[in-house]
S.K.: 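Structure below; questions to follow.
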Amino acid sequence: MKYVTTIEGREYLIDILDEHQVSVDGVVHQIDFMSIGDQQVYSLVVNGKSVDANVYLNDDTWQVLFQGNLYSATVEDEREKRLRAALGGRVAEHEDYHLKAPMPGMVISIPVDEGQTIHKGDVLVVLESMKMQNELRSPRDGKVIRVRIKPGERVEQKETILSVV
């Protein structure tokens with residue numbers, strides 16, 4: 001899966017090749033990635049060098065505390081970026097929204113139920129992939145109309161997890 005990550009106005013093209021290799025702007029790096037404890041602190045080994053980072057989501061922006069510096073990053077897959085550009089930066093409110101797995105992984109939890117009213121930014125699914133738990137959030141207000149997957153089940157990239165109207 002390819003992602004476009006923007007940090008301090010500069011875009012980086014990130015391509016996750018497999019569990020131990022990523023390409024950043026065409027340069028392949030060997031990686032190992034794991035969460036440390038209950039906090040949002042991650043240990044990352046890049047090309048044999050170990051670094052730690054504190055990472056948390058703030059609205060639509062990732063905040064990364066790395067080597068004493070705080071960085072704000074936005075992350076979108078290429079499809080989301082094209083769709084946002086076509087919609088002028090907004091999600092179509094009149095259409096159903098189908099949350100699809102951005103990567104293969106295991107569904108850890110689904111903290112919403114069918115029929116539940118949700119708000120933009122609410123966590124819809126917690127997905128574990130590459131030893132990292134990812135909170136998938138709603139891009140808009142709505143109502144959950146169908147949950148297609150259960151906690152503990154594996155999903156493939158682009159598989160629909162749930163639908164919102």
Side-chain angles (χ1 to χ4, degrees), residues 1-92 97-112 118-141 155-159 161-162 164:
M1 171 64 98
K2 292 184 180 180
Y3 296 91
V4 177
T5 302
T6 306
I7 302 172
E8 296 182 351
R10 180 167 183 253
E11 288 187 352
Y12 299 86
L13 182 60
I14 313 272
D15 190 0
I16 299 174
L17 304 173
D18 61 38
E19 286 191 18
H20 297 289
Q21 291 187 50
V22 296
S23 169
V24 179
D25 290 338
V27 178
V28 176
H29 299 277
Q30 299 298 316
I31 62 157
D32 193 13
F33 185 83
M34 78 161 78
S35 176
I36 300 174
D38 294 336
Q39 302 298 316
Q40 292 184 331
V41 177
Y42 298 92
S43 175
L44 178 64
V45 178
V46 180
N47 299 328
K49 183 178 178 183
S50 178
V51 294
D52 293 336
N54 200 351
V55 181
Y56 60 95
L57 187 62
N58 183 11
D59 293 325
D60 295 332
T61 304
W62 290 95
Q63 301 296 313
V64 181
L65 182 59
F66 177 70
Q67 295 182 336
N69 296 308
L70 182 63
Y71 300 95
S72 293
T74 58
V75 180
E76 307 174 275
D77 68 37
E78 289 179 313
R79 180 182 169 277
E80 287 173 328
K81 184 173 176 70
R82 286 191 305 272
L83 181 60
R84 185 178 50 77
L87 293 172
R90 52 194 198 321
V91 174
Y97 168 71
H98 302 283
L99 175 65
K100 297 182 185 223
M103 63 197 80
M106 172 80 68
V107 175
I108 300 301
S109 70
I110 302 174
V112 296
I118 50 133
H119 301 284
K120 179 179 179 177
D122 285 353
V123 175
L124 301 176
V125 174
V126 177
L127 179 68
E128 182 176 281
S129 181
M130 294 179 62
K131 301 178 188 172
M132 181 174 148
Q133 290 191 5
N134 303 281
E135 293 182 338
L136 306 181
R137 297 178 179 269
S138 179
R140 65 177 177 121
D141 294 345
V155 292
E156 294 302 318
Q157 182 177 339
K158 298 183 181 179
E159 183 176 348
I161 298 172
L162 58 79
V164 174

S.K.: Could you tell me whether a side-chain N or O of N134 sits under 3.5 Å from a main-chain N or O of L127, the two making a donor and an acceptor?
M.R.: yes
S.K.: Looking only at atom types and distance, does a side-chain atom of D18 sit under 3.5 Å from a main-chain N or O of H20, one as donor and one as acceptor?
M.R.: yes
S.K.: Any side-chain heavy atom of I110 sitting closer than 4.5 Å to one from V112?
M.R.: yes
S.K.: A side-chain contact here means heavy atoms from C-beta on lying under 4.5 Å apart; do E156 and P104 qualify?
M.R.: yes
S.K.: With rounding to the nearest 0.5 angstrom, report the CD1 to CD1 distance, I16 to I31.
M.R.: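 Going from the CD1 atom of I16 to the CD1 atom of I31 covers 7.5 Å.
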S.K.: Answer yes or no: does atom CD of E19 have more than 12 heavy-atom neighbours from other residues, nucleotides or ligands under 6.0 Å?
M.R.: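 Counting neighbours around CD of E19, 12 or fewer heavy atoms of other residues, nucleotides or ligands fall under 6.0 Å, so no.
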S.K.: Less than 4.5 Å apart, any side-chain heavy atom of L99 and any of V164?
M.R.: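 In short, these two side chains do not touch, never coming nearer than 4.5 Å.
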S.K.: How long is the straight-line distance from CD1 of I118 back to CG of L124, given to the nearest 0.5 Å?
M.R.: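 Going from CG on L124 over to CD1 on I118, the span is 5.0 Å.
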S.K.: Grab the two heavy atoms, one from S43 and one from S50, that are nearest each other, plus how far apart they are.
M.R.: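 Residues S43 and S50, closest heavy atoms: OG-OG, 4.1 Å.
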S.K.: Answer whether the closest heavy-atom distance between the side chains of L44 and H29 falls below 4.5 Å.
M.R.: no
S.K.: For residues V4 and L13, determine if any side-chain heavy atom of one lies less than 4.5 Å from a side-chain heavy atom of the other.
M.R.: yes
S.K.: Name the orientation class of the two ring planes belonging to Y42 and F33 (parallel below 30°, tilted from 30 to 60°, perpendicular beyond 60°).
M.R.: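 Rings of Y42 and F33: parallel, as their planes differ by under 30°.
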S.K.: To the nearest 0.5 angstrom, please state how far the OH atom of Y12 sits from the OG1 atom of T6.
M.R.: 9.5 Å
S.K.: Only one of I161, V126, V123 clears side chain to side chain contact (heavy atoms under 4.5 Å, CB included) with L136; which?
M.R.: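 Exactly one candidate clears the test, I161.
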S.K.: Rounded to the nearest 0.5 Å, what's the gap from CD on E11 to OG1 on T74? Could you check?
M.R.: 7.5 Å
S.K.: Locate the shortest heavy-atom distance separating K2 from D15; write the atom from each residue and the value.
M.R.: CE-OD2, 3.4 Å
S.K.: Atom CG in L162, atom OH in Y97: separation rounded to 0.5 Å?
M.R.: 8.0 Å
S.K.: Any idea which heavy atoms bring D141 and K120 closest together, and the distance?
M.R.: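 Closest pair (atom of D141, atom of K120, distance): OD1-N, 2.7 Å.
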S.K.: Does a donor on one side chain sit under 3.5 Å from an acceptor on the other, for S72 and Q63?
M.R.: yes
S.K.: Side-chain contact, heavy-atom cut-off 4.5 Å: Q30 with Q21?
M.R.: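 Side chain of Q30 against side chain of Q21, heavy atoms only: contact under 4.5 Å found.
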